[in-house]
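Down below is the structure, laid out as structure tokens.
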2 protein chains.
Amino acid sequence: MGGAESMSRAEPMSHRGRGRTLGPLSREGPTVLELRQLKYFLAVADDLSVAAAARRLRMAQSALSQAVHKMERQLGTPLFDRAGGRLRLTAAGRLLLPEARALVDLPRSLLTSLP
Amino acid sequence: MGGAESMSRAEPMSHRGRGRTLGPLSREGPTVLELRQLKYFLAVADDLSVAAAARRLRMAQSALSQAVHKMERQLGTPLFDRAGGRLRLTAAGRLLLPEARALVDLPRSLLTSLP
DNA sequence: ACAGGTTACGACGCACGTAATCATT
DNA sequence: AATGATTACGTGCGTCGTAACCTGT
């Protein structure tokens with residue numbers, strides 16, 4: 001009984017407004033990368049090709065392209081240089097690469113160490 | 001993407017449904033933890049209270065409760081012992097704690113090191 | 001009785017697939 | 001023209017909020 005009332009209504013959230021629009025603008029703290037995005041970035045950076053990476057990931061290349069673009073928007077920095085129909089890592093991309101690898105591999109080893 | 005405005009509204013990030021209507025293959029590895037889940041786990045583990053953590057996270061306690069339960073399902077191991085109306089970390093939970101902290105803090109430092 | 005955790009249910013919106021278009025060789 | 005990146009559009013599924021329920025002190 002008491003539970004329903006005490007939870008009341010939440011407002012300004014730090015992330016996406018899900019169920020109902022809680023606040024007018026959710027502008028708040030820093031947006032944080034998700035592991036899935038980092039995996040996509042790694043796959044594309046590894047092949048320097050969205051198409052090849054999409055095949056490896058078993059997903060449409062449009063979806064992968066969108067994901068990479070979104071990630072760049074979130075970071076506020078391009079990770080790839082698309083000049084000349086070829087993909088090349090930017091300075092920011094090269095900086096992100098080793099960190100992303102470490103970040104992506106951690107949960108895997110973590111899961112295997114659990115019973 | 002979801003309409004014309006979805007692209008322009010940048011901010012949230014996360015995972016959700018993958019409208020996978022791909023072929024019968026689509027073999028994916030084991031379900032992997034997302035950073036959002038780890039943040040929730042850390043908040044609950046820190047307060048040893050779903051209600052308090054939910055207030056801090058500005059979200060409903062039911063949503064947080066669901067998220068933690070789902071995470072435990074994914075790991076195949078309970079992270080909290082709910083006996084006696086109190087929350088206590090299980091052995092697996094204690095094992096996960098330091099790793100989760102490292103994992104969650106890494107992207108933050110990564111972002112600040114970018115131009 | 002109350003505080004807090006869980007279950008039930010509906011809604012909102014992202015991640016993704018398909019299709020069409022643009023760009024480079 | 002072909003290969004590949006991007007844009008446009010529709011949508012299934014997951015996440016979260018509200019409400020109701022359950023449990024321990």
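Just so it is clear, the structure is predicted and the values come from calculations on it, not from any experiment. A, B, ... follow the sequence lines: proteins, then strands. Residue 1 opens every chain. What's counted below: heavy atoms across the whole structure, side chains too, no hydrogens, waters or symmetry copies.
Between the CD atom of E99(B) and the CG atom of L95(B) there is a distance of 7.0 Å, given to the nearest 0.5 Å. Note: Q61(B) CD to Q66(B) CD = 11.0 Å, rounded to the nearest 0.5 Å. One finds the CG atom of D81(A) at 5.0 Å from the CZ atom of R88(A) (value rounded to the nearest 0.5 Å). One finds the CG atom of L96(A) at 6.5 Å from the CG atom of L38(A) (value rounded to the nearest 0.5 Å).
Distance Q74(A) CD to dC14(C) P: 11 Å, rounded to the nearest Å. Taking atom NZ on K39(A) and atom C1' on dA15(C), their separation rounds to 14 Å, with Å as the unit. Distance, L87(B) CG to dG4(C) P: 11 Å, rounded to whole Å. Atom-to-atom, CZ of F80(A) to P of dG4(D) comes out at 16 Å; the value is rounded to the nearest Å. L35(A) places its CG atom 14 Å from the P atom of dA15(C), with the value rounded to the nearest Å. Put simply, CZ on R58(A) is 19 Å from C1' on dT18(C), counting in whole angstrom units. Atom C1' of nucleotide dC14(C) and atom CE of M71(A) are separated by 17 Å, given to the nearest angstrom. Per the geometry, CG belonging to L64(B) stands 15 Å off C1' belonging to dT7(C), to the nearest Å.
Contacts of E72(A) classified as side chain to side chain contact (heavy atoms under 4.5 Å, CB included), with partners at least two apart in sequence or in another chain: V68(A), H69(A), P78(A), L79(A), F80(A), R82(A). In this structure, the side chain to side chain contact (heavy atoms under 4.5 Å, CB included) partners of R94(A), at least two apart in sequence or on a different chain, are L89(A), A91(A). Residues satisfying the side-chain hydrogen bond (donor to acceptor under 3.5 Å, both in side chains) test with Q37(B), not counting sequence neighbours, are Q74(B). Taking R73(B) as the reference, nothing meets the side-chain hydrogen bond (donor to acceptor under 3.5 Å, both in side chains) condition, with sequence neighbours excluded.
Of the candidates dC16(D), dT18(D), dT18(C), dC16(D) carries the atom nearest the M59(B) side chain, counting heavy atoms from C-beta on. Closest to the side chain of Y40(A), from the set dT6(C), dC16(C), dA5(D), is dC16(C). Counting only heavy atoms from C-beta on, H69(B) has its side chain closest to dT6(C) among dT6(C), dA8(C), dG4(D). Which of dG17(C), dG17(D), dA5(D) sits closest to the side chain of A63(B) comes down to dG17(D).
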Under 3.5 Å donor-acceptor pairs involving side-chain atoms of residues 44-54 of chain B, not counting sequence neighbours:
residue : atom : partner : partner atom : Å
D47(B)  : OD1  : R56(B)  : NH1          : 2.5
D47(B)  : OD2  : A53(B)  : N            : 3.4
D47(B)  : OD2  : R56(B)  : NH1          : 3.1
S49(B)  : OG   : A51(B)  : N            : 3.4
S49(B)  : OG   : A52(B)  : N            : 3.0

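Residue pairs meeting the ring-ring contact (aromatic ring centres under 6.0 Å, His included) criterion with at least one partner in residues 42-66 of chain A, sequence neighbours excluded, do not occur; the list is empty.
In this model, no side-chain donor or acceptor of E34(B) finds a partner on the base of dG14(D) within 3.5 Å.
Using a 4.0 Å cut-off, no side-chain N or O of Q61(A) falls inside it from OP1 or OP2 of dG4(D). Considering only side-chain N and O atoms, S62(B) lies nowhere under 4.0 angstrom from the phosphate OP1 or OP2 of dG17(D). Within the structure, a side-chain polar atom (N or O) of K70(A) is placed less than 4.0 Å from OP1 or OP2 of dA15(C).
Computed from C1' positions of five pairs at each end, the angle between the two local axes of the helix from dA1(C)-dT25(D) to dT25(C)-dA1(D) equals 30°, rounded to 10 degrees.
As judged by a 4.0 angstrom heavy-atom cut-off over every strand, S49(A) is placed among residues touching the sugar-phosphate backbone only.
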Between the protein and nucleotides 22-25 of chain C, which nitrogen or oxygen pairs come in under 3.5 angstrom?
residue : atom : partner : partner atom : Å
dT24(C) : O3'  : G84(A)  : O            : 3.2
dT25(C) : OP1  : G84(A)  : O            : 3.0

